Amino acid sequence: MQGTVKWLGKGAHFEGITSEGLSFELAGPPQLNNGVQLAPKPIDILMHAAAACTSVDIVTMLKERGVELTSYEVKVEAERGEVAPKPIEKMNLHYVIKGSGLSEALVSEVIDIAFKVESGVVNTFKSDVTWSFEL
């Protein structure tokens with residue numbers, strides 16, 4: 001894996017560029033950018049990356065098992081430490097999944113596999129990452 005982060009010339013505002021040439025913005029908090037939140041903070045991107053990474057696996061596995069999804073979203077809540085560097089110490093990912101062919105047993109199994117086997121992002125955390133779901 002490779003990537004580049006470039007400063008955009010003002011405050012704490014950056015562009016991330018993947019090895020495939022795709023780009024995204026990130027920024028520090030508003031107090032570092034004249035009171036404006038210019039883009040997601042890196043810690044926000046990390047939190048969303050955990051949800052997105054597990055979602056890639058969950059949606060793929062559900063479809064492979066014949067599920068017809070009609071809607072899917074992940075609500076993420078995280079708690080950061082009080083002392084710098086203020087890492088994410090706890091995170092809960094709540095999956096709201098709708099469609100046909102769903103059962104509690106199937107969804108629980110698929111999410112468990114995503115967390116324990118598949119998700120590189122979640123398995124990068126050295127903290128308490130939990131999950132729940134809703135059909």
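None of the values given here were measured: they were computed from a predicted structure. Quick note: residue numbers are just sequence positions, from 1.
At distances below 3.5 Å, at least one donor-acceptor pair connects side-chain atoms of Q37 with backbone N or O atoms of G28. In terms of modelled atom types and a separation under 3.5 Å, the side chain of T54 and the main chain of A50 share a donor-acceptor contact. Although no hydrogens or angles enter the test, the distance criterion places a donor-acceptor pair under 3.5 Å between the side chain of N33 and the main chain of A12. In this structure, the side chain of N123 engages the main chain of S119 through a donor-acceptor pair within 3.5 Å.
With a 4.5 Å cut-off on side-chain heavy atoms, V96 and K75 count as touching. For the pair V74 and S55, the minimum side-chain heavy-atom distance is below 4.5 Å. Put simply, the side chain of F133 does not reach to within 4.5 Å of the side chain of L93, judged on heavy atoms.
Contact detail for G101 and V67: the closest heavy-atom pair is O-CG2, 3.5 Å. Pairing each heavy atom of A27 with each of L38, the nearest pair is CB-CB, 4.2 Å.
Q31 CD: more than 12 foreign heavy atoms inside a 6.0 Å radius.
Taking OH of Y95 as the start and CH2 of W131 as the end, the distance is 8.5 Å to the nearest 0.5 Å. Separation of atoms CD (E134) and NZ (K98) is listed at 7.0 Å; rounding is to 0.5 Å. Atoms CG and CD1, from D44 and I88 in turn, are 8.5 Å apart once rounded to the nearest 0.5 Å. A distance of 4.0 Å separates CG in N92 from OG1 in T130, rounded to the nearest 0.5 Å. Put simply, CG on D57 and CD1 on I113 are 10.0 Å apart, with the number rounded to the nearest 0.5 Å. Here the NZ atom belonging to K41 is positioned 11.0 Å from the CG atom belonging to L32, to the nearest 0.5 angstrom.
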Q: Could you check E109 against R65 for side-chain contact (heavy atoms from CB on, under 4.5 Å), going step by step and ending with a plain yes or no?
A: CA-CA 11 Å; E109 173 191 354; R65 287 164 173 80; 3.9 Å; yes
Q: Let me see the working for L22 and I17 under side-chain contact (heavy atoms from CB on, under 4.5 Å), right down to the final yes or no.
A: CA-CA 5 Å; L22 302 172; I17 305 164; over 6 Å; no
Q: Go through the steps to decide whether K86 and R80 satisfy the test side-chain contact (heavy atoms from CB on, under 4.5 Å), and finish with yes or no.
A: CA-CA 5 Å; K86 299 182 185 177; R80 293 185 69 185; 3.5 Å; yes
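Taking hydrophobic clusters as Ile, Leu, Val, Met, Phe, Trp and Tyr residues chained together by side-chain heavy-atom distances below 4.5 Å, M61 does not share a cluster with V56. In the hydrophobic clustering of ILVMFWY residues, with side-chain heavy atoms under 4.5 Å counting as a link, M47 and I58 come out together. Cluster annotation: I43 and V76 are assigned to the same hydrophobic cluster (Ile/Leu/Val/Met/Phe/Trp/Tyr, side-chain heavy-atom contacts under 4.5 Å, transitive). In the hydrophobic clustering of this structure, I45 does not group with V121; members are Ile, Leu, Val, Met, Phe, Trp, Tyr whose side-chain heavy atoms approach within less than 4.5 Å, directly or through other members. Hydrophobic clustering (ILVMFWY, side-chain heavy atoms < 4.5 Å, transitive): L135 and I111 are in one cluster.
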